[in-house]
Visitor: 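Okay, here's the structure, questions in a sec.
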Amino acid sequence: MTPYSSKSGKKSGVTAYRSGTDFIAVQFNGKEVYTYTYRSAGRAAIETMKKLASAQIGLSTYIAQHNPAFEE
């Protein structure tokens, strides 16, 4: 997984992520990993989350505000 360090200067609940063609896996607080997929959250949400993760800003806030569904 790629380490996530928010560039906003605020401490993020996200500590790492891994993205693929149709998914993003997000690790929170170095523990639980949630996998969000096109099927569970929709293409637009996944692509937004991948962009935020790559930019290292806003991913945790996006997830908190939009509550995308994850794979179980």
Side-chain angles (χ1 to χ4, degrees):
M1 294 192 92
T2 302
Y4 182 87
S5 176
S6 180
K7 291 184 179 178
S8 72
K10 298 177 184 175
K11 183 171 168 66
S12 177
V14 175
T15 56
Y17 71 94
R18 181 178 66 247
S19 61
T21 305
D22 63 350
F23 76 92
I24 184 167
V26 180
Q27 183 175 37
F28 293 92
N29 296 318
K31 298 177 184 175
E32 288 132 20
V33 176
Y34 293 89
T35 301
Y36 303 89
T37 66
Y38 281 2
R39 184 175 65 180
S40 68
R43 181 185 180 117
I46 299 307
E47 292 304 318
T48 297
M49 291 168 68
K50 288 178 0 181
K51 286 178 186 173
L52 293 170
S54 178
Q56 302 266 320
I57 190 163
L59 181 57
S60 183
T61 299
Y62 179 88
I63 293 170
Q65 291 178 345
H66 297 277
N67 198 24
F70 55 87
E71 290 287 319
E72 296 194 41

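FYI, side chains are in, hydrogens and waters are out, and symmetry mates aren't considered; it's all heavy atoms of this structure. For the single chain, residues carry numbers from 1 onward in sequence order.
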Visitor: Using a side-chain heavy atom cutoff under 4.5 Å and only I, L, V, M, F, W and Y, what cluster partners does Ile57 have?
Guide: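 Cluster partners of Ile57: none, it stands alone.
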
Visitor: Restricting to pairs with a member in residues 33-45, which pass salt bridge (charged side-chain N to carboxylate O under 4.0 Å, His left out), not counting sequence neighbours?
Guide: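 Residue pairs passing salt bridge (charged side-chain N to carboxylate O under 4.0 Å, His left out), neighbours aside: Arg39-Glu71.
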
Visitor: Measure the spacing between CD1 of Ile46 and OH of Tyr36 and express it to the nearest 0.5 Å.
Guide: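 Taking CD1 in Ile46 and OH in Tyr36, the distance rounds to 8.5 Å.
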
Visitor: Under a 3.5 Å distance rule, please check whether Thr61 uses its side chain to pair with a backbone N or O of Gly58 as donor and acceptor.
Guide: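 No, Thr61 side chain to Gly58 backbone: no donor-acceptor pair under 3.5 Å.
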
Visitor: According to a hydrophobic-cluster definition based on side-chain heavy atoms being under 4.5 Å apart (Ile, Leu, Val, Met, Phe, Trp, Tyr only), do Tyr38 and Leu59 belong together?
Guide: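 Linked, Tyr38 and Leu59 end up in one cluster.
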
Visitor: When the side chains of residues 11-29 are checked against the rest of the protein, which donor-acceptor pairs come out under 3.5 Å, sequence neighbours left out?
Guide:
unit_1: Ser12; atom_1: OG; unit_2: Val14; atom_2: N; d: 3.0
unit_1: Thr15; atom_1: OG1; unit_2: Gln27; atom_2: O; d: 3.4
unit_1: Thr15; atom_1: OG1; unit_2: Gly30; atom_2: N; d: 2.9
unit_1: Gln27; atom_1: NE2; unit_2: Gly30; atom_2: O; d: 3.3

Visitor: Same cluster or not: are Tyr4 and Phe70 linked, directly or through other Ile, Leu, Val, Met, Phe, Trp or Tyr residues, by side-chain heavy atoms under 4.5 angstrom apart?
Guide: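 Yes, it is one cluster - the side chains of Tyr4 and Phe70 are joined through contacts under 4.5 Å.
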
Visitor: Return the minimal non-hydrogen interatomic distance between Pro68 and Met49, and the atom names on each side.
Guide: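 Nearest pair, atom of Pro68 first, then Met49: CG-SD, 3.9 Å.
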
Visitor: Please enumerate all residues that pass side-chain hydrogen bond (donor to acceptor under 3.5 Å, both in side chains) together with Ser5, with sequence neighbours excluded.
Guide: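 For Ser5, no residue satisfies side-chain hydrogen bond (donor to acceptor under 3.5 Å, both in side chains) once neighbours in sequence are set aside.
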
Visitor: Check whether any side-chain N or O of Ser54 sits under 3.5 Å from a backbone N or O of Lys50 as a donor-acceptor pair, and report yes or no.
Guide: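 It does not hold such a pair.
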
Visitor: Output all residues satisfying ring-ring contact (aromatic ring centres under 6.0 Å, His included) with Tyr62, sequence neighbours left out; order by chain, then residue number.
Guide: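 Partners of Tyr62 under the ring-ring contact (aromatic ring centres under 6.0 Å, His included) test: His66.
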
Visitor: Holding to side-chain hydrogen bond (donor to acceptor under 3.5 Å, both in side chains), I want the full list of residues that pass it with Tyr34, two or more places apart in sequence or in another chain.
Guide: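 Per chain and number, Tyr34 pairs via side-chain hydrogen bond (donor to acceptor under 3.5 Å, both in side chains) with no residue.
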
